[in-house]
Novice: 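Okay, handing you the structure first.
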Amino acid sequence: MRGGVVTSVCLGLLAAFFAPLLSPDSAGAQADSTHYQTLQLGERSRGMAGAFTAFAADGAAIWFNPAGLPLLEPKLLQGSLSLIQRRTLTYSGALVSDGPDGPGGEDQVEDFKLKSNPNLPGFAVASFAVGKRKEELDDRKPLQIAISAFVLYNVSLGGDVNFQDEFLRTNSLQFYQDDRAAYFAAAIGHRPTRNFSWGITLLARNRVIEHVETASLTLGGTQDPSRGSPCPTSPTIPFCVFDATQISRNTVFKMNSWDLSLRIGLLNLIGKRWRLGLMFQPPGLNVGGKSNLRFELTDVVSSNSPINPGLSDSVFGTPESGARSPIPWELRLGVSYVISSKVVVAADVQFVGRVPDGSIAPGTPQLEGRANTSGILLADSTKRDFTWNVSFGSEIQITKFLFTRFGFLTDNSSAPDASGAGEFIRPPKIDRYGFSASVGGAKNGKGLSAGVSVLFGKGTANGLDFRNEAFENDTNFLRVPVKERILIISVGGDIGQTADVVKTSIKAKKSREEIEAEEEAEREAEAADMESETDPDLKAAKQRAIEAQQEVKDAEERAKEVEKEVQELERQKKIRAGENLDPDDQGAIQGATQSGIETIR
């Protein structure tokens with residue numbers, strides 16, 4: 001770019017260079033391959049900024065800590081949807097090029113601000129209890145099974161950039177990239193004792209990438225004023241240029257990778273107020289996948305080039321290779337504490353392991369001295385460093401049906417530290433911190449909530465270098481400062497009660513038929529015990545006790561009947577609103593009320 005870049009279209013190219021920042025590889029606040037905090041799964045965990053390893057009080061436990069599943073209600077259907085995810089990136093010195101004076105003159109430096117498009121990643125989970133009820137578990141079933149499906153991120157980027165060199169020749173780059181990561185999960189949680197539970201989640205992740213690039217570049221050469229101005233064969237430039245290097249490059253890269261991972265959770269309830277949680281994820285296992293590349297390069301070298309002068313070269317290939325997208329090990333430790341009957345606080349610390357260097361498409365052939373054949377704008381390195389994060393959250397019950405949540409978190413990057421110029425694109429390294437809040441209500445086993453999360457980041461990312469022979473040497477990348485802002489607005493709901501806001505155990509509700517069956521069994525047992533009694537006096541006393549219990553039951557039934565009669569008369573009274581009751585009606589209501597009082601006595 002010798003002369004200046006058209007700003008409106010350059011933004012599209014920059015978006016492509018920064019695409020790795022927006023691509024999904026692992027769970028993150030904005031799910032990308034270098035961040036691991038998760039604000040995508042469930043309104044409760046999002047509102048508490050992911051401090052959910054010990055609290056684990058709704059369907060998001062399938063991700064944060066499957067040991068929390070047995071503490072949920074026996075049947076649960078829950079979902080959440082991110083309505084808006086807006087990201088703003090501000091790059092300082094993002095574009096460096098030769099100024100109007102050409103090579104050797106003053107450089108031209110430009111800053112850029114990029115905004116990503118909103119999307120709608122969602123989360124859904126269903127769980128249900130199995131097994132035999134246990135009295136020591138408050139008559140709950142000890143096993144809970146859950147299934148879930150969610151998309152952490154789905155981004156599509158595309159653009160067309162045109163730029164001019166010192167001879168006013170127009171060069172162009174076009175690109176398109178689609179990157180999506182979907183998860184499918186199944187989990188089971190077991191509660192062997194009242195104060196301890198464990199669980200395990202099996203996750204299958206499918207990452208799909210499609211990346212397309214087309215480049216047409218003309219570099220160097222010598223102007224020929226003898227043919228007049230403008231150039232007869234290229235009227236868009238003032239003079240014809242001869243003996244230039246011409247490059248035409250077309251790349252279509254597709255990858256589909258499947259990986260498995262396990263999340264193992266432990267949860268310990270200490271007294272009525274404390275919970276301690278642990279979740280460990282071993283490194284993931286690649287179980288399949290493939291990548292396809294269609295690559296075409298035509299290169300005509302200038303006769304003045306010091307390397308291979310006058311060479312004309314053409315390369316075409318459609319190789320296939322493997323695909324991988326490594327999942328690192330992860331450890332989460334959490335604690336929650338019930339301050340009062342309406343307030344709970346929680347804290348988490350997260351550790352994520354390193355990933356060795358490699359390619360997402362190992363075995364893809366490369367050309368010596370040339371840029372990545374899979375795509376100049378594709379960051380295909382898997383290298384990640386160790387990182388850690390913290391989360392703090394609170395849930396407050398305002399009224400019987402209304403509650404709110406607050407949280408703070410860090411989301412540090414695992415991208416390798418890099419600086420200076422490079423010949424391939426690297427993932428940005430941006431460390432974040434942020435806040436979240438949500439408000440919602442629940443009634444009759446149904447709930448709805450809405451939340452907002454705001455994150456701030458600062459670090460370094462790729463800039464573009466179009467100076468001198470950057471194109472010829474394939475070293476178009478600089479490391480430049482970057483600032484980031486993320487806004488997430490979301491809604492969520494559930495059908496079937498979620499866990500209570502502060503209680504560590506919930507008694508299962510028994511149906512009227514179950515209660516009557518238990519009472520009948522008790523009466524039959526007492527009658528059998530009385531019949532088997534050999535002492536006449538004791539047998540008579542047991543008989544009188546059984547008869548007294550039956551009289552109490554009969555009295556309760558009569559009281560219910562009288563109460564229904566009173567309710568019916570009052571209902572009729574309301575129907576005749578505005579009319580005075582006659583003496584017979586008043587006597588009937590008073591008589592029924594008095595009869596009910598005497599029956600209860």
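If you're wondering where the values come from, they're calculated on a predicted model, not measured in any experiment. Below, each value reflects all heavy atoms present in this structure, side chains not excepted, and no hydrogens, waters or symmetry copies.
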Novice: Less than 4.5 Å apart, side chain to side chain, heavy atoms only: is that true for R46 and S453?
Specialist: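 Of all side-chain heavy-atom pairs linking S453 with R46, at least one is under 4.5 Å.
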Novice: Look up atom CE in M48 and atom CD in E395, then write down how far apart they are to the nearest 0.5 Å.
Specialist: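 Answer rounded to 0.5 Å: 6.0 Å.
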Novice: Evaluate the side-chain contact (heavy atoms from CB on, under 4.5 Å) criterion for residues H35 and S413: first the C-alpha distance (whole Å), next the side-chain angles of each, then the deciding distance (0.1 Å), finally the verdict.
Specialist: CA-CA 5 Å; H35 295 88; S413 173; 3.7 Å; yes
Novice: Is a donor from one side chain sitting under 3.5 angstrom from an acceptor on the other, for N256 and N206?
Specialist: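 Yes, side-chain donor-acceptor contact under 3.5 Å.
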Novice: Side chains of L203 and R263: closer than 4.5 Å at any heavy-atom pair?
Specialist: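 Yes, side chains in contact.
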Novice: Please report the shortest heavy-atom distance between R485 and G457, naming the atom on each side.
Specialist: NH1-O, 3.9 Å
Novice: Does S148 use its side chain to pair, donor to acceptor, with the backbone of A185 at less than 3.5 Å?
Specialist: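 Checking the backbone N and O of A185 against the side chain of S148, no donor-acceptor pair under 3.5 Å is found.
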Novice: Looking at every heavy atom in both I62 and T201, which two are closest together, and how far apart are they?
Specialist: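 The pair with the smallest heavy-atom distance is O-OG1, 2.8 Å.
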Novice: Counting only heavy atoms not in K383, do more than 12 fall under 6.0 Å of its NZ?
Specialist: yes
Novice: Assess, by modelled atom type and distance only, whether the side chains of S391 and N389 contain a donor and an acceptor separated by less than 3.5 Å.
Specialist: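 No pair is found: no donor N or O on one side chain lies under 3.5 Å from an acceptor on the other.
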Novice: Given W63, which partner from the list Y183, F123, F52 fulfils the side-chain contact (heavy atoms from CB on, under 4.5 Å) test?
Specialist: Y183
Novice: Can you tell me how far apart CG (L69) and CD1 (I188) are? Round to the nearest 0.5 Å.
Specialist: 9.5 Å
Novice: Under 4.0 Å between a side-chain nitrogen and a carboxylate oxygen: does that hold for D138 and R194?
Specialist: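 Salt bridge present between D138 and R194.
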Novice: With the side chain counted from C-beta on, respond yes when R432 and Q37 share a heavy-atom pair under 4.5 Å apart, and no when they do not.
Specialist: no
Novice: Has E484 got a side-chain atom pairing as donor or acceptor with D431's backbone, closer than 3.5 angstrom?
Specialist: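 Flag not set: sc E484 to bb D431 has no pair under 3.5 Å.
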Novice: Report the distance from atom CZ of R275 to atom CG of L71, rounding to the nearest 0.5 Å.
Specialist: 5.0 Å
Novice: Working note: D357 + S381, criterion side chain to side chain donor-acceptor pair (under 3.5 Å); need CA distance, chi angles, decisive distance, verdict.
Specialist: CA-CA 6 Å; D357 198 6; S381 173; 3.0 Å; yes
Novice: Do we see a donor-acceptor contact under 3.5 Å between the side chains of D58 and S45?
Specialist: no
Novice: Just how far is it from atom CG of N286 to atom CG of D259, taken to the nearest 0.5 Å?
Specialist: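 Spacing of CG (N286) from CG (D259) equals 4.5 Å.
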Novice: Might you point out which heavy atoms bring G353 and P328 nearest each other, and give the distance in Å?
Specialist: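 Smallest interatomic distance, heavy atoms only, reads O-CB, 3.4 Å.
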Novice: Do side-chain atoms of S436 reach the backbone of G47 as a donor and acceptor pair under 3.5 angstrom?
Specialist: yes
Novice: Any side-chain heavy atom of F386 sitting closer than 4.5 Å to one from F351?
Specialist: yes
Novice: For R354 and R384: C-alpha separation, side-chain torsions, deciding distance, then whether side-chain contact (heavy atoms from CB on, under 4.5 Å) applies.
Specialist: CA-CA 5 Å; R354 64 181 299 274; R384 300 293 181 266; 5.9 Å; no
Novice: Around atom CD of E135, are there more than 12 heavy atoms from other residues, nucleotides or ligands closer than 6.0 Å?
Specialist: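 It does not: E135 CD has 12 such atoms or fewer within range.
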Novice: Just wondering, do V439 and L402 contact through their side chains at under 4.5 Å, heavy atoms?
Specialist: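 Counting from C-beta outward, L402 and V439 do come under 4.5 Å.
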Novice: Is it the case that the side chains of T387 and N412 hold a donor-acceptor pair, with the cut-off being a distance below 3.5 Å and no angle test?
Specialist: no
Novice: Between S438 (side chain only) and A450 (backbone N and O only), is there a donor and an acceptor less than 3.5 Å apart?
Specialist: no
Novice: Has the side chain of T404 got a donor or acceptor atom that lies under 3.5 Å from a matching backbone atom of I396?
Specialist: no
Novice: Do you know the tightest heavy-atom contact between R332 and G50?
Specialist: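 Result for this residue pair: NH2-O, 2.9 Å.
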Novice: Checking side-chain contact (heavy atoms from CB on, under 4.5 Å) for the pair I360/T382: CA distance, chi angles, key distance, verdict?
Specialist: CA-CA 6 Å; I360 60 175; T382 62; 3.9 Å; yes
Novice: Of all the heavy-atom pairs spanning D385 and P416, show the shortest one and how long it is.
Specialist: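 Heavy atoms only, the tightest pair is OD2-CA, 3.3 Å.
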Novice: Looking only at heavy atoms, what is the nearest atom pair of A415 and P428, with distance?
Specialist: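 Of all heavy-atom pairs spanning A415 and P428, the closest is CB-O, 3.2 Å.
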Novice: Does the side chain of I200 reach to within under 4.5 Å of the side chain of L262, using non-hydrogen atoms?
Specialist: yes
Novice: Are more than 12 heavy atoms, taken from residues, nucleotides or ligands other than I147, located less than 6.0 Å from that residue's CD1 atom?
Specialist: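 Result for CD1/I147: open.
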Novice: Could you tell me the separation between the CE atom of M255 and the CZ atom of R207, rounded to the nearest 0.5 Å?
Specialist: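 Separation between the atoms: 5.0 Å.
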Novice: Do L72 and S127 make a side-chain contact, defined as non-hydrogen atoms from C-beta onward lying under 4.5 Å apart?
Specialist: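 Yes; the side chains approach each other to less than 4.5 Å.
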Novice: Treating K429 as the side-chain partner and G459 as the backbone partner, does any N or O pair qualify as donor plus acceptor under 3.5 Å?
Specialist: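 Not a single qualifying donor-acceptor pair exists.
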Novice: Supply the atom-to-atom distance W388 CH2 to Q350 CD, rounded to the nearest 0.5 angstrom.
Specialist: 11.0 Å
Novice: Got S449 and R405 here, is their nearest side-chain heavy-atom distance under 4.5 Å?
Specialist: yes
